[in-house]
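A quick write-up on the structure given underneath.
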Amino acid sequence: MFAVHLLSFYFSKLQEDQIKKVDRYLYAMRLSDDQLADISARFRREMEKGLSNESNATAAVKMLPTHVYSTPDGSEKGEFLALDLGGSKFKVLQVKVSEDGKGKVQMESETFPIPEEILNGRGTELFEHVAESLKSFLQQHHINHTRKPLGFTFSFPCVQSKIDEGVLLSWSKNFKVRGVQGNNVVQLLRKAIQKVGDVDVDVLAMVNDTVGAMMTCGYDDQNCEVGVIIGTGTNACYMEEMRHIDRVEGDEGRMCINTEWGAFGDDGVLDDFITSFDREIDAASINPGKQLFEKMVSGMYMGELVRLILLKMAKKSLLFRGQVSDALRTKGTFQTKHICLIEQYKGGLENTKEILEDLGLNPSEDDCIAVQHVCTIVSFRSANLVAAALAAILTQIRENKKLKTLRTTVGVDGTVYRTHPQYPKRLHKVVRHLVPDCHVRFVLSESGSAKGAAMVTALAQRLESQRKEIDDTLATFALSPTQLQEVKAKMRVELERGLKKDSHPTASVKMLPTYVYRTPDGTERGKYLALDLGGTNFRVLVVKIRTGMRNSVRMYNKIYAIPLEIMQGTGEELFDLIVQCISDFLDYMGMKNTRLPLGFTFSFPCNQTGIDKGDLVSWTKGFKATDCEGYDVVDMLREAIKRRNEFDLDIVAIVNDTVGTMMTCAYEDPKCQIGLIAGTGSNVCYMEEMNNIEFVEGDEGQMCVNTEWGGFGENDNTEDIRTRYDREVDGGSLNPGKQRFEKMTSGMYLGEIVRQILIDLTKRGLLFRGRITERLKTKGIFETKFLSQIESDRLALLQVRSILQSLGLDSTCDDSIIVKEVCGAVSRRAAQLCGAGMAAVVDKIRENRGLDHLEITVGVDGTLYKLHPHFSTILKDTVRELAPNCKVDFILSEDGSGKGAALITAVAQQHHIEKQEPH
């Protein structure tokens, strides 16, 4: 028994001695945690260099754009062909993807060898051989009766400017085919297919094998956003944010980047980690100084690295008692497959002995232990280096997503990863150790990169057809210059019809007189009470205007909410609430006994027969109070004051918010003679010549006309530009058929138009994976403020996704891009329509005055104009294009409706006094 223990101790000691001997000899290949972290940081810097336009030319890691913009979502379907060219053989496959909820994939494939003379020959011969083999496959499988889309996996570094184009940068993996470098390999393949004839295929996509691996795994696991190959060669790809890829236009979404990490170190950044053995391997290769990381990592070089180490150790009498065989001296006799056999858990030492004997050596037990440890150090270093570079990619993705913890999947392929008994476990362990904040699932790419090429082709086909459907949908919102000119011309006709006595009753643009005869001239002064009703909030203000000084207005106000039941209750209830709010305000200000002149901003269409007389034409903006339409609003307010019997007020003027806006801005800029509201509602007013207003007495001077242009289109003259979504929104509104222009241009409706489009696109499977949530079905859930937020140039897609998530919409990156496009199409059309309407107004004013060129200012208010990032710019551009003879400035109104009401009251009082005075 003691003898057994002694023997066991002796064997362990022998094994330990052999391992220490190898460790000492190969100390430079054993990498510490700190060294791996350093390598990872270096690779991250190399990635950044490759992504940047400025440094890409000199970057070793080329970070090539692939023009693959997303991973599969499981809805891909159809029959595809795939070609996989990346080694001494190539594969042709037929891939059938069925969309039955389980995403079944059926494949038939055939492998064709590439003769040595073709590998060393011309490019035309290589591609004709591939085309002939493809033809033979199609004939054997009776596929050639219909045109099939084909995906091409080409496992060499290429520059791609689109998905179906790839210019070869350089060959790797012992390929020496002439006349291909610098050429588009897809074009070469297409030419060869054409020359061979009878091959009815459409080459839709070219992908790198690494991308193929990611896409293959991505079909089964939609969290997969990294692909790694560890085989004959090595490489990685991952989904990068477009905003980081300088070399490709556009900042939205993501694109798969083919890192070409095999060249990491070609610029000297790994020199302190490259050993003398690595340098010898490199010097004897067909591309010295190139692909240095690949030469330290991949299956093509690992076996040769072990052979060199064993040869040197034998020459130093550290192995095989100093004996060296001819086979050990011969390049290529020790291969990576031998490392896999030697490192097997069981039978590894027996395999070692057999392999060494085949090389003409006579190894002892301790030789076998030492050789096994050499293999372990070489393969472990490979796994360590891959883990360090992969850790950099995972950190980049985690930081891109602004996550504390990343959960992701890495798709892996390659003979080393597949066949080495311990490589996967080592790689996984080191990655988890280096990036503990990344929870990584590793998935073996079951059917290799060719299935991935078919997936990319399926994806390209799906995205192309989806893109067309989305483009066709949004095209209905795009207005051509001709259409905008037509809108301008029709608006001009309606402006004229609204001013004429005979056509006024049937005009869709009502052109209501306001009895405001001029804009402020700076002489206004006094203390005024102002009311402001135009939405769910009601304001009461005291406005003090000091004379002789512009910008000398002081205001005090209080805001009151109007409940929905009052908005849609009786008129008496509404006006009683208004008077109650006035009473509260006068108490608050200590002004109950002061009889101030009052201006009432009432932002609804009114037929005015005097400055203090206005019959409500129709409610808008969600109001529906009964017994108001057709009645004088001022009378209703006076009646409510009488009912309360607490105070008395001198109601001088009823004012529309648009007019208030014009007056406020005119107080600052005398050239301001137009008011525009672009907010919850949409409207314009302007100073019209009295002789053009046929239904108001008097031909002298001017009067401000409240166009109420929101009704434009009620006589069906905008039907050619209305979409089915506009009709849907109109049909679901409180006033179907009314305010059609407003429903296409104002904040109250734009979000609802977007919601209708999103529902339709989701039903058609183009958004949110076809899943309509209850929240999305809720009317009004998509507020117009979301358009302003989503379209902000400063907002990354991640923030767009969080806005959508707050609405219960679980969106992908692609969904976020589409939602942003939808918002853009809807708001752009709104701004252009407002611009076309404004062009009609300014041209009318110019012609009224008989001018060749008009300079005028528009006073603007409204949240859409103020808060939307692009609305004001598009509006101004449209006016400039459609009214080239008018120089139009736009100024923002500061508190138009309150200050404006006071100014109108002041102007009205002055006008009244002037009329009383004898001439």
Side-chain angles (χ1 to χ4, degrees), residues 67-71 73 239-245 248-255 400-402 462-479 723 725 729 744-745 747 749-773 775-776 781-832 863-865 867-875 877:
H67 297 270
V68 171
Y69 293 96
S70 63
T71 51
D73 69 358
M239 297 303 291
E240 177 58 271
E241 300 292 319
M242 283 285 284
R243 67 181 187 276
H244 294 155
I245 310 169
V248 177
E249 273 187 32
D251 287 338
E252 302 295 355
R254 303 199 299 169
M255 182 190 284
N400 282 349
K401 293 185 174 185
K402 295 183 171 60
R462 171 171 70 76
L463 291 177
E464 193 182 321
S465 85
Q466 281 184 354
R467 184 71 264 169
K468 188 177 181 318
E469 280 196 64
I470 290 160
D471 287 348
D472 288 349
T473 300
L474 298 186
T476 60
F477 287 86
L479 299 172
T723 66
Y725 309 106
V729 168
M744 296 162 83
T745 55
Y749 300 99
L750 298 190
E752 190 56 17
I753 295 171
V754 168
R755 188 181 72 88
Q756 291 296 342
I757 299 169
L758 300 187
I759 286 174
D760 180 44
L761 294 180
T762 308
K763 278 180 183 169
R764 284 150 63 190
L766 303 170
L767 261 184
F768 310 130
R769 299 187 185 90
R771 291 196 288 269
I772 298 180
T773 62
R775 295 286 300 280
L776 189 57
I781 192 76
F782 204 97
E783 294 172 50
T784 298
K785 70 176 181 184
F786 295 135
L787 272 78
S788 299
Q789 291 168 5
I790 285 168
E791 288 187 72
S792 167
D793 296 327
R794 296 189 303 279
L795 205 65
L797 280 181
L798 277 172
Q799 289 159 292
V800 175
R801 285 178 78 176
S802 72
I803 290 169
L804 294 173
Q805 274 160 356
S806 73
L807 296 172
L809 302 169
D810 183 21
S811 72
T812 63
C813 200
D814 293 337
D815 290 337
S816 302
I817 293 171
I818 293 165
V819 171
K820 198 165 181 175
E821 285 178 22
V822 170
C823 291
V826 171
S827 64
R828 181 178 180 78
R829 183 189 68 164
Q832 286 180 319
T863 47
L864 198 55
Y865 186 92
L867 302 180
H868 191 282
H870 309 301
F871 188 93
S872 60
T873 310
I874 296 165
L875 168 64
D877 289 346

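From a predicted model like this one, the values you see are computed outputs, not experimental measurements. Below, each value reflects all heavy atoms present in this structure, side chains not excepted, and no hydrogens, waters or symmetry copies.
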Could you check if a side-chain atom of [X] sits within less than 4.5 angstrom of a side-chain atom of [Y], using non-hydrogen atoms only?
{"X": "Phe871", "Y": "Glu791", "answer": "no"}
{"X": "Leu761", "Y": "Arg764", "answer": "yes"}
{"X": "Met255", "Y": "His67", "answer": "yes"}
{"X": "Lys785", "Y": "Leu867", "answer": "no"}
{"X": "Phe782", "Y": "Ile759", "answer": "no"}
{"X": "Thr723", "Y": "Ile757", "answer": "no"}

Self-check item: Whether His868 side chain and Ser827 backbone form a donor-acceptor pair below 3.5 Å
Solution: no
Quiz item: Taking 4.0 angstrom as the limit, do Glu821 and Arg467 come out as a salt bridge?
Solution: yes
Out of [options], which one pairs with [X] under the side-chain contact (heavy atoms from CB on, under 4.5 Å) rule?
{"X": "Arg254", "options": "Arg243, His244, Glu241", "value": "Glu241"}
{"X": "Tyr725", "options": "Thr473, Val826, Val754", "value": "Thr473"}
{"X": "Leu767", "options": "Ile772, Val822, Ile470, Thr762", "value": "Thr762"}

Might you point out which heavy atoms bring [X] and [Y] nearest each other, and give the distance in Å?
{"X": "Gly751", "Y": "Thr784", "result": "N-OG1, 3.2 Å"}
{"X": "Phe477", "Y": "Ala825", "result": "CB-O, 3.9 Å"}
{"X": "Ile781", "Y": "Arg775", "result": "CG2-O, 3.2 Å"}
{"X": "Ile790", "Y": "Lys820", "result": "O-CE, 3.1 Å"}
{"X": "Ser788", "Y": "Pro869", "result": "O-CD, 3.4 Å"}
{"X": "Leu776", "Y": "Arg755", "result": "O-NH1, 2.8 Å"}

From [X] [atom1] over to [Y] [atom2], what is the distance, rounded to the nearest 0.5 angstrom?
{"X": "Phe768", "Y": "Asp815", "atom1": "CZ", "atom2": "CG", "answer": "5.5 Å"}
{"X": "His870", "Y": "Asp877", "atom1": "NE2", "atom2": "CG", "answer": "12.0 Å"}
{"X": "Arg828", "Y": "Ile874", "atom1": "CZ", "atom2": "CD1", "answer": "4.5 Å"}
{"X": "Thr873", "Y": "Leu875", "atom1": "OG1", "atom2": "CG", "answer": "9.0 Å"}

